Every structure is written in C-alpha cells, then in structure tokens.
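Residue numbers count from 1 along this sequence. Just follow the structure's listing: the first ligand is 1, and inside any ligand the first atom is 1. Hydrogens, waters and symmetry mates play no part in the numbers below; they use all other heavy atoms, side chains included. As the structure is a prediction and not an experimental result, all values here were calculated from the model.
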Amino acid sequence: MSDVEITVADDGAAAARLVAERLAEQARAGGSIVLAGGSTPRHAYEIAAELESDWSKVELWWLDERCVPPDDQQSNYGMAKAALLVRLEGPPAAVHRMQGELGRDDGVAEYRHELTGVGEFDLVLLGLGSDGHVASLFPNFPTLDVTGRDVVGSPAGLEPFVDRISMTLPRLCNTQELLFLVAGADKADAVGRALDGAPSHATPGSLARSAEGTTRAILDRAAAAKL
Ligand code: 6PG
C-alpha cells in the first residue's frame, strides 16, 4: 500500500484546480512554498492567482532550474512568472529564484547561499518525469546520494538537455507537506513506481517523501492508471 495520500481527479484541469486551491490556501496562511518547474503546474499557477491575488505573506522558492536566462522559454522561473507572479496584486514577501543565467556552478553556489539557515518549508510542489525523475534529480545519477548540501548541479537526464540547478533530496523533503502533481498517460508507469513501488534510485520519485510531515499526490485519471 502506498505511503502517499493520493487523490485522483477526472482530468488534468481538475487536478490543476485541486493543486491551485492548496496553493491559494498556503498563500493566505503565509509561510514558504517551493514551486515545481516543467509544464504541468502552469495551469495550477494560473488558477491559484485567480483564487488568491494577495501572496504577500509567503516566500517563494524553486525546486530546480534550467541554466538559461529568466526570460528564456525553458526557464522554470519564467513559467511561474508568466502564469502566477504577473497576475498577483500582492506580490510574495520574497521571490527566491534560482539564477540559471549564472551557469551551473555559480548558480548552485548562489542558491546554497540563499538557502543558508532556512528551516522546514511549509509546502513543496513536485512534478514527476516520465522516467521517474523529480526536480532535476535523474534516475541513478550520483546527485541522488548527496546529503549535507541543499543544492546540486547536474547535466540533464531528459529534455530539455540544458544544465540544471536542483535542490537535493534532503532539502526538498524537509517540508511539512510534499505534494506531487502529475497528469497524463505517459506518466502512468512512473507514477506506479514512484508512489507505489519500493524506494529505488531508478525512480527518484520513490525517494521523495516529506521527512516529518505529509506526502500527498494529486493525479489525473490517466496518470493514476497503473496504481
Ligand atoms: C524541470 C522539472 C522537472 C519536471 C518534470 C515534469 O525543470 O524539468 O522541474 O522535474 O517537474 O520533468 O515536467 P512536465 O510537467 O513538463 O512533464
């Protein structure tokens, strides 16, 4: 049986709405939210901005970033800016973006510095790759074993093939709530392995669990097909 609380929505739009409601709730409560990249959360960010336009009580962080400028189409920050940040009336108390434009080594060093002394997050939103990766921690990469550091650099294990900056597993698991958002039939195998399989370096998602809080997943029916 899965150790993750799973909610299955009818389709991707319904899954996005559920995640948006959780994000808006956290925005109202304040605290810290770590945003996921990739394309799946875009709609959730748009709805979250509609549900709550005052995010002045929260600080935003990023799970991972591609080493591109913030206005590049591949930028995870750029996606969140367009879908969420520009729509807010009350901007977040702080926007801690990863500086992909600095390149891998300097970008990692800068974000490690940014995270110095930061404790448990309130909410970490996590996507899942079709290969089972989370953040920019790819299957069987040595980055999965890094402890004692908050941020690592990595080559990409999947498209887009640009260098990455990523939180480590211990850092992203240090949260009250870890929330997966996964949609689409191409993710069904990975979802089965990540949420209902034995912990394995072959499926980084299976290693991502809140250290002392709750781990939840909001899936659409297609992504949940193999559970
Ligand atoms: C990234 C990510 C990555 C992403 C998954 C899912 O920068 O690529 O943060 O972990 O969440 O690859 O991406 P999609 O939502 O685009 O499928």
Side-chain angles (χ1 to χ4, degrees), residues 9 11-13 15-16 18-20 23 33-48 60-70 72-84 96-101 104 107-108 111 121 123-141 143-144 151-169 171-173 175 178-195 201-208 215-220 222-224:
D11 54 23
L18 290 175
V19 169
L23 289 169
I33 300 177
V34 182
L35 294 178
S39 55
T40 309
R42 180 188 301 268
H43 193 39
Y45 296 163
E46 290 168 352
I47 302 171
L60 293 185
W61 298 86
W62 269 260
L63 264 187
D64 70 323
E65 187 54 280
R66 292 93 182 260
C67 290
V68 295
D72 189 285
Q73 275 203 332
Q74 294 177 339
S75 166
N76 284 337
Y77 165 77
M79 186 278 276
K81 182 180 174 191
L84 173 70
H96 304 277
R97 78 171 177 90
M98 289 176 165
Q99 297 186 46
E101 70 275 24
R104 201 162 92 188
V108 166
Y111 216 59
F121 295 123
L123 176 63
V124 170
L125 182 66
L126 205 58
L128 183 72
S130 54
D131 61 350
H133 81 263
V134 288
S136 284
L137 304 171
F138 296 96
N140 301 314
F141 275 34
T143 46
L144 290 169
V151 190
V152 285
S154 176
L158 202 67
E159 287 184 344
F161 289 101
V162 288
D163 278 354
R164 310 296 185 95
I165 301 165
S166 181
M167 285 192 185
T168 57
L169 279 171
R171 178 61 270 189
L172 69 88
C173 292
T175 179
L178 189 66
L179 176 60
F180 284 90
L181 167 62
V182 195
D186 59 318
K187 304 281 179 75
D189 275 330
V191 165
R193 288 183 277 119
L195 304 186
H201 281 55
T203 307
S206 68
L207 307 175
T215 304
R216 298 173 58 216
I218 295 178
L219 312 170
D220 72 349

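The distance from ligand 1 to the heavy atoms of R66 drops below 4.0 Å at these ligand atoms: 1 (C), 7 (O), 8 (O). The ligand atoms of ligand 1 that sit less than 4.0 angstrom from a heavy atom of N76 are 1 (C), 7 (O), 9 (O). Near R164, meaning under 4.0 Å from one of its heavy atoms, ligand 1 places the atoms 1 (C), 7 (O), 8 (O).
Rounded to the nearest 0.5 angstrom, E65 CD and E101 CD are separated by 8.5 Å.
Legend: residues meeting side chain to side chain contact (heavy atoms under 4.5 Å, CB included) with A20, ordered by chain and number and at least two apart, are I47, A48, L51.
In this structure, the side chains of L84 and L60 come closer than 4.5 Å at one or more pairs of heavy atoms. V34 places none of its side-chain heavy atoms less than 4.5 Å from the side chain of T175. Put simply, the side chain of Y45 reaches to within 4.5 Å of the side chain of L23, judged on heavy atoms.
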Could you go step by step and tell me if T168 and R171 meet the side chain to side chain contact (heavy atoms under 4.5 Å, CB included) rule? CA-CA 5 Å; T168 57; R171 178 61 270 189; 3.5 Å; yes
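Here the protein heavy atom with the shortest distance to atom 13 (O) of ligand 1 is G38 CA, 3.8 Å. What sits closest to atom 15 (O) of ligand 1 on the protein, heavy atoms only, is T40 OG1, 2.4 Å.
Nearest to atom 11 (O) of ligand 1 by heavy atom, out of G37, G157, A36, is G37. Between D64, I165, V162, it is D64 that holds the heavy atom closest to atom 2 (C) of ligand 1.
For R66 and Y77, the positive end is not near the middle of the six-membered ring at less than 6.0 Å and at most 45° from its axis.
Between A135 and ligand 1, at least one pair of N/O atoms sits closer than 3.5 Å.
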Compile the donor-acceptor pairs under 3.5 Å between side chains in residues 126-139 and protein atoms, sequence neighbours left out, one pair per line.
| unit_1 | atom_1 | unit_2 | atom_2 | d |
| --- | --- | --- | --- | --- |
| D131 | OD1 | H133 | N | 3.0 |
| D131 | OD1 | H133 | ND1 | 2.6 |
| D131 | OD2 | H133 | ND1 | 3.4 |
| S136 | OG | D64 | OD2 | 2.6 |
| S136 | OG | R164 | NH1 | 3.1 |

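A heavy-atom separation below 4.0 Å is found between K187 and ligand 1. Ligand 1 lies less than 4.0 angstrom from a heavy atom belonging to L128. Heavy atoms of L63 stay at 4.0 angstrom or farther from ligand 1.
Of all the heavy atoms of H133, the ones lying under 4.0 Å from any atom of ligand 1 belong exclusively to the side chain. Neither the backbone nor the side chain of L126 comes within 4.0 Å of ligand 1, counting heavy atoms alone.
Across all non-hydrogen atoms, the minimal contact from M98 to M167 is CE-N, 3.9 Å.
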